[in-house]
Number of protein chains: 2
Amino acid sequence: MKILHHPARNDIMLSTVLHALSDPIRLQIVSQIHKHGEQACKNFEVSIAKSTLSQHARTLREAGVTRTRAVGTQRLLSLRSEDLNERFPGLLDAVLRSCEQENLDPASL
Amino acid sequence: MKILHHPARNDIMLSTVLHALSDPIRLQIVSQIHKHGEQACKNFEVSIAKSTLSQHARTLREAGVTRTRAVGTQRLLSLRSEDLNERFPGLLDAVLRSCEQENLDPASL
DNA sequence: TCTATAGTTCGGTAATTAACGAACAATTGA
DNA sequence: TCAATTGTTCGTTAATTACCGAACTATAGA
């Protein structure tokens, strides 16, 4: 099977990570992995074609945000929390918390 | 003179902020404001045309990352730290620290 | 071996983006 | 009032991006 390329920890670039996280769909994906743990693509509740989802998964993986491992026909995605915390301390947590806060916001008006 | 539109605090969107910060040039601008305080565009050390710089300044302002005020012919940009901290606690600091860390990284290999 | 499941890759389209220079607007100071 | 400074806007170009469906690969299970 195909080799899934993941950047080494020190090759993870801030602007690339921020770009990967700047898309609402990818933010949803990351948030869902955070909430429910390692997830296969088929479990993501996003309203896009599977080819599009596959591309988003690739973007996240190549940015160093997620790790993908193959199990059977599935690709399980997890967050590279340790690598990200080591390289950009506090960043992932801040984004995840911001993400949750934003989703609870209609009351703030 | 033209009105400079700034989003209200509660209208600042996470994905928009992350997108604004995902461009290396804009990250440099934000980092320089953080280091040296409120800055006019002419002070930014970036190697792009001034029309391009003006567009980047607009992107940051419209995302809610910076505030722009007019003083004479200058536009002074500052970070909306308070608004951002209120809305997305810890996010801006994490990005700024990540930014600094990345710029000191050649030793990490 | 055949079928279903899970993802990936490819080709194409439409939209967005970053970049530039030229022209413009606003303000300051001579 | 005139020139210099500072920044914005406009028109264009080239590159990137998000999206889709169709075709493909790989694995699991009947």
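A note on names: the letters A, B, ... follow the listed sequences, proteins ahead of strands, and every chain is numbered from 1.
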Using whole Å, report how far [atom1] of [X] lies from [atom2] of [N].
| X | N | atom1 | atom2 | result |
| --- | --- | --- | --- | --- |
| B:N43 | D:dT5 | CG | P | 15 Å |
| B:L53 | C:dG21 | CG | P | 13 Å |
| A:Q74 | D:dT27 | CD | C1' | 10 Å |
| B:D23 | D:dA15 | CG | P | 17 Å |
| B:R69 | D:dT6 | CZ | C1' | 15 Å |
| B:Q39 | D:dG7 | CD | P | 11 Å |
| B:R75 | C:dT28 | CZ | P | 11 Å |
| A:I29 | C:dG7 | CD1 | C1' | 13 Å |

Start at the 5' end of DNA chain D and walk down; is the nucleotide closest to A:K50 or to B:L76 reached first?
B:L76
Could you check A:Q55 against A:T73 and say which one's nearest nucleotide on DNA chain D is further toward the 5' end?
A:Q55
Is there a donor and acceptor pair closer than 3.5 Å between the side chain of B:S54 and the base of D:dG7?
no
Verify, without hydrogens or angle tests, whether [X] (side chain) and [Y] (backbone) share a donor-acceptor contact under 3.5 angstrom.
| X | Y | answer |
| --- | --- | --- |
| A:R26 | A:A20 | yes |
| B:H36 | B:H34 | no |
| A:R67 | A:R61 | no |

Salt-bridge contact B:R69-B:E38 (side-chain N to carboxylate O under 4.0 Å):
yes
Please determine whether a side-chain nitrogen or oxygen atom of [X] lies at a distance below 4.0 Å from atom OP1 or OP2 of [N].
| X | N | result |
| --- | --- | --- |
| A:H56 | D:dC19 | yes |
| A:R26 | D:dA18 | yes |
| A:T52 | D:dC20 | yes |

Check every atom of D:dG21, C:dA22, C:dG7 against the side chain of A:A49 and return the nucleotide holding the closest atom.
D:dG21
Heavy atoms only, 4.0 Å cut-off, all strands: where does [X] land among base, sugar-phosphate and nothing?
| X | result |
| --- | --- |
| A:K42 | sugar-phosphate |
| A:I48 | sugar-phosphate |
| A:A57 | nothing |

Stepwise side-chain contact (heavy atoms from CB on, under 4.5 Å) test for A:T68 and A:L76
CA-CA 5 Å; A:T68 302; A:L76 299 181; over 6 Å; no
